[in-house]
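These notes concern the structure reproduced below.
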Amino acid sequence: MIEYRKPAAAAKAPAPRKTHGSVLLCPHCGTRTLIRTSRQINELFREGYSICTSCAFMGKYVTHYIAECVPSVSPNPRVSLPALPRHQAANDIAASEAAEADQMDLFARSG
Ligand SMILES: [Zn+2]
């Protein structure tokens with residue numbers, strides 16, 4: 001009998017986990033877009049172009065920080081953001097994850 005064994009590297013790898021990367025959804029069809037290009041405007045702002053692989057829409061976007069939830073251990077003196085209480089950030093993150101889970105159910109495929 002042949003026994004299958006995982007390669008040593010795979011056995012040591014951490015278990016897969018849900019990622020929380022940035023995602024831009026197409027404003028027209030709701031599909032995740034591809035970031036074509038982006039550039040940092042200043043410490044707080046970033047802009048770029050994204051392309052929808054479903055409906056061909058291309059748009060310019062901007063992202064920026066609006067609050068500080070946990071202070072930096074090496075703060076930049078040029079950055080000043082209003083403080084957001086940690087419990088509010090935790091509530092916002094939990095609500096966002098719950099909404100994301102509901103959204104994934106909408107797109108679940110049968111069969
Ligand atoms: Zn689209």
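First listed ligand is number 1; within each ligand, the first listed atom is number 1.
Y49 and V62 fall into different hydrophobic clusters, where Ile, Leu, Val, Met, Phe, Trp and Tyr are joined by side-chain heavy atoms under 4.5 Å apart, directly or via other members.
The environment of F57 atom CZ is dense: over 12 non-hydrogen atoms of other residues, nucleotides or ligands sit within 6.0 angstrom. Within a 6.0 Å radius of OH in Y65, no more than 12 heavy atoms belonging to other residues, nucleotides or ligands are found.
Inter-residue side-chain proximity for I41 and R39 is flagged as met; some heavy-atom pair is nearer than 4.5 Å. S54 is not listed as a side-chain neighbour of C26, based on a closest heavy-atom distance of 4.5 Å or more.
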**Item:** side chain to side chain contact (heavy atoms under 4.5 Å, CB included) between I66 and L84, worked out
**Value:** CA-CA 9 Å; I66 60 172; L84 183 69; over 6 Å; no
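Taking distances strictly below 2.8 Å, the protein N/O/S atoms close to the Zn ion (ligand 1) are C26 SG, C29 SG, C52 SG, C55 SG.
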